[in-house]
Amino acid sequence: MSHIPFLDFKPMHDPLRAELDAAITRVSHSDYYIRGKECETFEAAYAAYIGVKYCIGVGNGLDAIQLILRAWEIGQGDEVIVPSNTYIATALAVTYTGATPVFVEPILETAEIDPDRIEAAITPRTRAICVVHLQGRPCDMDPIREIAKKHGLHLMEDCAQAHGAKYQGAKTGNLSEAGAFSFYPGKNLGAMGDAGAVVTNDRELANKVRYIANYGSDVKYHHIYKGLNSRLDEMQAAVLAVKLPHLDAWNADRVRIAEKYRAAITAKEVAQPLAPDADHEPVYHVYGIRVPAKDRDALAAYLKENGIETIMHYPTPMHLQGAYADLKIPRGALPLAEEFSATELSIPIFPGMTDEQVQVVADAINTYFEN
Ligand SMILES: *Cc1c(COP(=O)(O)O)cnc(C)c1O
């Protein structure tokens, strides 16, 4: 029986192994490990890639979100709108500032925050909207930008799943005031450890994020903010700089796999991610199908028996996690987030996955529903 992993780094890393090793050795021998030349080089390259003026390398994606909110001086007593269906990091970043996350439901077909539901969630305390380009598909930014403008709210993007995705020809991270990226290894652009970045065209915001991420210090031992420690280290920056030139090719390969799945999965019980269109160029960080709730766990088990790894994104919605019990949001209050938790299943997708592997997964899914 073939084994198909959820994610295989080898097709990405093996051809670059010598370059990656050389980069790591170079940093090791430089005796300079934090915020040096490697970081500067990667920041410039990533800013150019996204099409923004500024990129600040930080410790991880969670911090990247938090740093933007803190630079806007969002905190205790404030509210920030986030999607009800996302990784918990988006909400936790809000919580860490002292503000309260307010959950807005997604659109079932896209899994993204529903622009039509945002205004109802705005209160006098609302300060910002943080959208998430979930699964690598850009949100519908036009109506969201309009709402933010109308209500005088800050708007930012959690781009942790959407490196290189485009909306109306512009890359995510360049669709609002600021974008937060994670380079967690499994992301479309991944480091070999934790890493993240903030991107923006706003010079003042860029400076503030850079200072807050380094103990609030503009000049060494001169602290203008109560900052934190969230810096991109030289080793990760060097690895990311080796991988970045290949990101577009890897994303194109994910699109190839998505197209193959779309044609090969024929079971009518399966709802698949939307195809790219004139406004949306997704990068398929995950390929999340939806199946009837009664079948989801059984399908996952069936695929596992057939050597196919899957992951649920996410098995428990944030409002029902113990961590957010204090928000007192009852079961049933966010039915679409709950629906995703009960019906979503992410199937393998990674650059270098062969057409044969895609066919094996699709056949197994079709076979499950035939029986
Ligand atoms: C991965 C992820 C994050 C967090 O990134 P880390 O680097 O793990 O802190 C935030 N938001 C979303 C949507 C993510 O997928």
Side-chain angles (χ1 to χ4, degrees), residues 6-7 9 42 46 55-70 80-97 101 103-104 106 110-113 128-139 144 155-165 172-173 175-176 178-199 209 213 228-233 235-237 239-240 243 251 254 273 282-288 311-319 321 323-324 337 340-341 344 346 349-350:
F6 185 73
L7 166 63
F9 287 112
F42 173 70
Y46 202 62
C55 170
I56 303 100
V58 302
N60 55 63
L62 170 70
D63 287 351
I65 305 166
Q66 189 197 166
L67 284 160
I68 295 166
L69 298 173
R70 285 182 63 155
V80 177
I81 290 173
V82 299
S84 60
N85 179 44
T86 176
Y87 184 52
I88 195 167
T90 319
L92 282 178
V94 174
T95 300
Y96 284 145
T97 69
F103 300 127
V104 169
T110 66
E112 314 293 357
I113 192 167
I129 302 168
C130 177
V131 300
V132 181
H133 306 298
L134 202 72
Q135 301 188 350
R137 184 181 190 276
C139 298
I144 299 171
L155 176 60
M156 64 163 292
E157 304 154 68
D158 176 344
C159 307
Q161 302 189 2
H163 315 68
T172 62
L175 304 172
S176 68
F181 283 90
S182 163
F183 304 119
Y184 180 79
K187 308 295 190 187
N188 288 37
L189 179 62
M192 292 183 164
D194 276 311
V198 170
V199 298
V209 164
L228 50 130
N229 172 4
S230 185
R231 301 170 297 217
L232 177 62
D233 70 72
M235 211 73 94
Q236 300 309 332
V239 165
L240 288 165
K243 292 181 71 175
N251 281 340
R254 289 175 182 270
V283 293
Y284 300 101
H285 171 59
V286 299
Y287 199 79
I311 297 183
M312 294 162 193
H313 292 109
Y314 297 91
T316 305
M318 294 178 295
H319 66 286
Q321 299 277 1
Y324 278 122
F340 270 100
S341 291
E344 198 273 353
S346 299
I349 188 165
F350 52 85

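Counting convention: from 1, in listed order, for ligands and their atoms alike.
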For ligand 1, find each of its N or O atoms that sits under 3.5 Å from a protein N or O atom, and tabulate the pairs with distances to one decimal place.
from	atom 1	to	atom 2	distance (Å)
ligand 1	5 (O)	Ser182	OG	3.2
ligand 1	7 (O)	Gly61	N	2.8
ligand 1	7 (O)	Ser182	OG	2.6
ligand 1	9 (O)	Gly61	N	3.3
ligand 1	9 (O)	Leu62	N	2.9
ligand 1	11 (N)	Asp158	OD1	3.4
ligand 1	11 (N)	Asp158	OD2	2.7
ligand 1	15 (O)	Gln161	NE2	2.9
ligand 1	15 (O)	Lys187	NZ	2.7

Subject >> Contact check, side chains of Thr95 and Tyr324, non-hydrogen atoms, under 4.5 Å >> reply: yes
Subject >> Side-chain (Tyr284) to main-chain (Pro273) donor-acceptor, under 3.5 angstrom >> reply: no
Original post:
Taking the six-membered ring for Trp, are the ring centroids of Phe183 and Phe42 within less than 6.0 Å of each other?
Top reply: yes
Original post:
Between Asn60, Asp194, Asp63, which is the residue that forms a side chain to side chain donor-acceptor pair (under 3.5 Å) with Ser230?
Top reply: Asp63
Original post:
Are the side chain of Arg70 and the backbone N or O of Thr97 linked by a donor-acceptor pair below 3.5 Å?
Top reply: no
**OP:** Please confirm whether the backbone N or O of Ala162 pairs with a side-chain atom of His285, one donor and one acceptor, at under 3.5 Å?
**Re:** no
